[in-house]
**Q** 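One structure coming up, written as structure tokens, with questions to follow.
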Amino acid sequence: MAQLTAGVGCSHVPAIGIAMDQGITEQPYWVPAFEGFEFSRKWMKDNKPDVIFLVYNDHCTAFDASCIPTFALGCAAEYHPADEGWGPRPVPVVKGHQRLSSHIAQSVILDEFDLTIMNEMEVDHGLTVPMSIMFGEIAQDDDWPCLVVPLCVNVVQYPPPTGNRCFQLGKAIRRAIDSYDEDLNVMIFGTGGMSHQLQAERAGLINADWDKRFLDMMTEDPIAASQITHEEYLRETGSEGIEMVMWHVMRGALNDKVTEVHRHYHVPASNTAVGHIILENHE
């Protein structure tokens with residue numbers, strides 16, 4: 001049977017990917033941000049999964065205002081990096097696990113969560129930056145070290161799903177993974193955030209105290225975290241801070257009790273707070 005072993009929360013700041021792609025991670029501006037991922041890369045190498053279930057949001061590449069599904073599950077054999085305006089990132093094509101994707105789709109939909117099934121989908125920095133953060137630089141002609149099942153969540157167009165809805169979806173995904181009949185080591189990533197606003201009068205907003213409390217709640221009190229309202233996210237973390245609802249999918253899929261093995265928080269990176277946490281399931 002498949003086993004969900006750990007969860008990763010991670011910002012997907014596009015400038016992080018650009019810094020890696022341009023080979024400037026050792027510049028003084030970037031050193032503190034990347035130092036916090038040194039442990040993560042070693043841990044990932046030592047605990048390499050067979051599959052990552054990766055929760056992220058599209059940034060108007062696979063979807064636009066004509067069609068924005070609340071939850072879109074990738075069921076394709078592969079996902080090519082999208083051209084977000086300056087060409088696709090020079091990273092490998094993301095390979096999917098179609099059989100696991102199909103199983104999760106059937107299980108979750110019959111568990112009464114409506115998903116959009118994507119049999120073809122490009123993926124943007126929301127997905128590829130967390131992969132780069134956790135695995136390091138990988139040549140475009142090589143393969144990522146594991147397969148990926150992507151779940152795209154709408155946090156771009158009102159209304160996004162609530163934290164509680166995402167948390168409960170995570171529990172349904174866990175039930176699906178637990179019922180899969182192949183021996184697989186599966187990890188789940190929740191990406192996006194942390195506090196940031198990209199436009200209008202509050203552009204550049206970062207709320208480090210709130211962010212750090214949120215990380216505490218991810219480990220210690222995920223149910224309370226799942227009850228945070230849209231209004232609080234917007235007020236305390238800026239218009240783009242709503243991306244953190246995707247972390248609740250990750251946390252809902254884990255055990256009630258987890259072990260926090262690593263945490264990293266750094267500001268700023270391209271006017272954005274960078275947050276990261278690794279949680280392992282208790283036996």
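Computed from a predicted structure; not experimentally measured.
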**Q** Could you report the tightest heavy-atom contact between G85 and D83, atom names first, then the distance?
**A** N-OD1, 2.9 Å
**Q** Please confirm whether the backbone N or O of P145 pairs with a side-chain atom of K48, one donor and one acceptor, at under 3.5 Å?
**A**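 Yes, K48 side chain to P145 backbone: donor-acceptor pair under 3.5 Å.
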**Q** For D142, what residues pass the side-chain contact (heavy atoms from CB on, under 4.5 Å) criterion, not counting sequence neighbours?
**A** I138, A139
**Q** Would you say E38 and W43 are linked by a side-chain donor-acceptor pair, where the criterion is simply a distance under 3.5 Å?
**A** no
**Q** Are any side-chain N or O atoms of R202 and backbone N or O atoms of S239, one a donor and one an acceptor, separated by less than 3.5 Å?
**A**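 Flag not set: sc R202 to bb S239 has no pair under 3.5 Å.
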**Q** Can any side-chain N or O of S11 pair as donor or acceptor with the backbone N or O of G275 at less than 3.5 Å?
**A**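 Answer holds: yes.
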**Q** At their closest point, which heavy atom of L205 faces which heavy atom of G238, and how far apart are they?
**A** CD2-N, 3.8 Å
**Q** Does a side-chain heavy-atom distance below 4.5 Å link N154 with N57?
**A** no
**Q** With a 3.5 Å distance limit and no angle check, can you tell me whether T116 reaches the backbone of P69 through a side-chain donor-acceptor pair?
**A**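 Checked: no pair found.
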**Q** Side chains of E35 and H264: closer than 4.5 Å at any heavy-atom pair?
**A**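 Side chain of E35 against side chain of H264, heavy atoms only: no contact under 4.5 Å found.
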**Q** Has the side chain of S107 got a donor or acceptor atom that lies under 3.5 Å from a matching backbone atom of I104?
**A** no
**Q** For the pair F214 and W210, name the ring-plane relationship: parallel under 30°, tilted 30 to 60°, perpendicular over 60°.
**A**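 Ring orientation of F214 relative to W210: parallel.
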**Q** Checking D216 against R263 for the salt bridge (Lys or Arg N to Asp or Glu O under 4.0 Å) test, could you report, in this order, the C-alpha distance in whole Å, the side-chain angles of both residues, the deciding distance, and whether it holds?
**A** CA-CA 10 Å; D216 290 339; R263 181 188 296 201; 2.9 Å; yes
**Q** Using modelled atom types and a 3.5 Å cut-off, is there a donor and acceptor pairing between side-chain atoms of T191 and backbone atoms of C10?
**A**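 Not a single qualifying donor-acceptor pair exists.
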**Q** Contact between H12 and L127 at the side-chain level, heavy atoms closer than 4.5 Å - yes or no?
**A** no
**Q** Will you find, in the side chains of E182 and Y180, an N or O donor that is under 3.5 Å from an N or O acceptor?
**A** yes
**Q** Scan side-chain atoms only and decide if H262 and E260 contain a donor-acceptor pair under the 3.5 Å cut-off.
**A** no
**Q** With a 4.5 Å cut-off on side-chain heavy atoms, are V245 and F167 touching?
**A** no
**Q** Does M246 share a hydrophobic cluster with M250, counting links as ILVMFWY side-chain heavy atoms below 4.5 Å and allowing steps through other members?
**A**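 Hydrophobic grouping puts M246 with M250.
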**Q** Closer than 4.0 angstrom, basic N to acidic O: yes or no for R99 and D181?
**A** yes
**Q** Between the side chain of N119 and the main-chain N/O of A76, is any donor-acceptor distance below 3.5 Å?
**A** no
**Q** Using atom types as modelled and distance alone, determine if a side-chain donor or acceptor of Y79 lies under 3.5 Å from a backbone N or O of G74.
**A**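 Side chain of Y79 to backbone of G74, a donor-acceptor pair under 3.5 Å: yes, one is there.
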**Q** Check each of H125, R89, E137 against S132 using the side chain to side chain donor-acceptor pair (under 3.5 Å) test, and report the only one that passes.
**A** R89
**Q** How about NZ on K171, more than 12 heavy atoms from neighbouring residues, nucleotides or ligands closer than 6.0 Å, or not?
**A** yes
**Q** Does the side chain of T61 come under 3.5 Å of the side chain of E84 through a donor N or O and an acceptor N or O?
**A**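 Not at all, the side chains of T61 and E84 share no donor-acceptor pair under 3.5 Å.
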**Q** Are I228 and I242 in one and the same hydrophobic cluster, where Ile, Leu, Val, Met, Phe, Trp and Tyr link if side-chain heavy atoms are under 4.5 Å apart?
**A**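 Same hydrophobic cluster.
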**Q** Mind listing the closest non-hydrogen atom pair of A224 and M217 along with its distance?
**A** C-CE, 3.6 Å
**Q** With side chains defined as the heavy atoms from C-beta onward, is the minimum distance between D50 and C146 less than 4.5 Å?
**A**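 The answer is no; the side chains never approach within 4.5 Å.
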**Q** Within the side chain of H196, is there an N or O that forms a donor-acceptor pair under 3.5 Å with the backbone of M194?
**A** yes
**Q** Taking L184 as the fixed residue, which of M1, H97, Q3 is the one that meets the side-chain contact (heavy atoms from CB on, under 4.5 Å) rule?
**A** H97
**Q** I'd like to know if K42 pairs up with D46 as an ion pair, taking the criterion as any Lys NZ or Arg NE/NH1/NH2 lying under 4.0 Å from an Asp or Glu carboxylate oxygen.
**A**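 So K42 pairs with D46 through a salt bridge.
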**Q** Between S179 and H103, do the side chains contain an N or O donor and an N or O acceptor separated by less than 3.5 Å?
**A** yes
**Q** For E232 and H230, run side-chain hydrogen bond (donor to acceptor under 3.5 Å, both in side chains): C-alpha distance rounded to whole Å, both residues' side-chain angles, the deciding distance at 0.1 Å, then the answer.
**A** CA-CA 5 Å; E232 181 173 347; H230 288 162; over 6 Å; no
**Q** Check whether N207 reaches the backbone of E236 with its side chain - one donor and one acceptor, N or O, closer than 3.5 Å.
**A** yes
**Q** Between F37 and H276, is the ring centroid distance below 6.0 Å?
**A** yes
**Q** I want to check something: taking the side chain as every heavy atom from C-beta on, are Q199 and E240 in contact at a cut-off of under 4.5 Å?
**A**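 Yes, close enough: below the 4.5 Å cut-off.
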**Q** I'd like to check F34 versus R41 (side-chain heavy atoms, cut-off strictly below 4.5 Å). Are they in contact?
**A**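 Result yes, sub-4.5 Å side-chain heavy-atom pair found.
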**Q** Can a side-chain donor-acceptor contact be found between N281 and T5 if the only test is distance below 3.5 angstrom?
**A** no
**Q** Give a yes or no on whether I223 atom CD1 has more than 12 heavy-atom contacts from other residues, nucleotides or ligands under 6.0 Å away.
**A** no
**Q** Quick one: do the N164 and Q227 side chains pair a donor with an acceptor below 3.5 Å?
**A**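 Side chains of N164 and Q227: pair found under 3.5 Å.
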**Q** Can you classify the ring geometry of W144 versus F135 as parallel (below 30°), tilted (30 to 60°) or perpendicular (above 60°)?
**A** tilted
**Q** Heavy-atom distance under 4.5 Å between the side chains of M218 and W247, does that happen here?
**A** yes
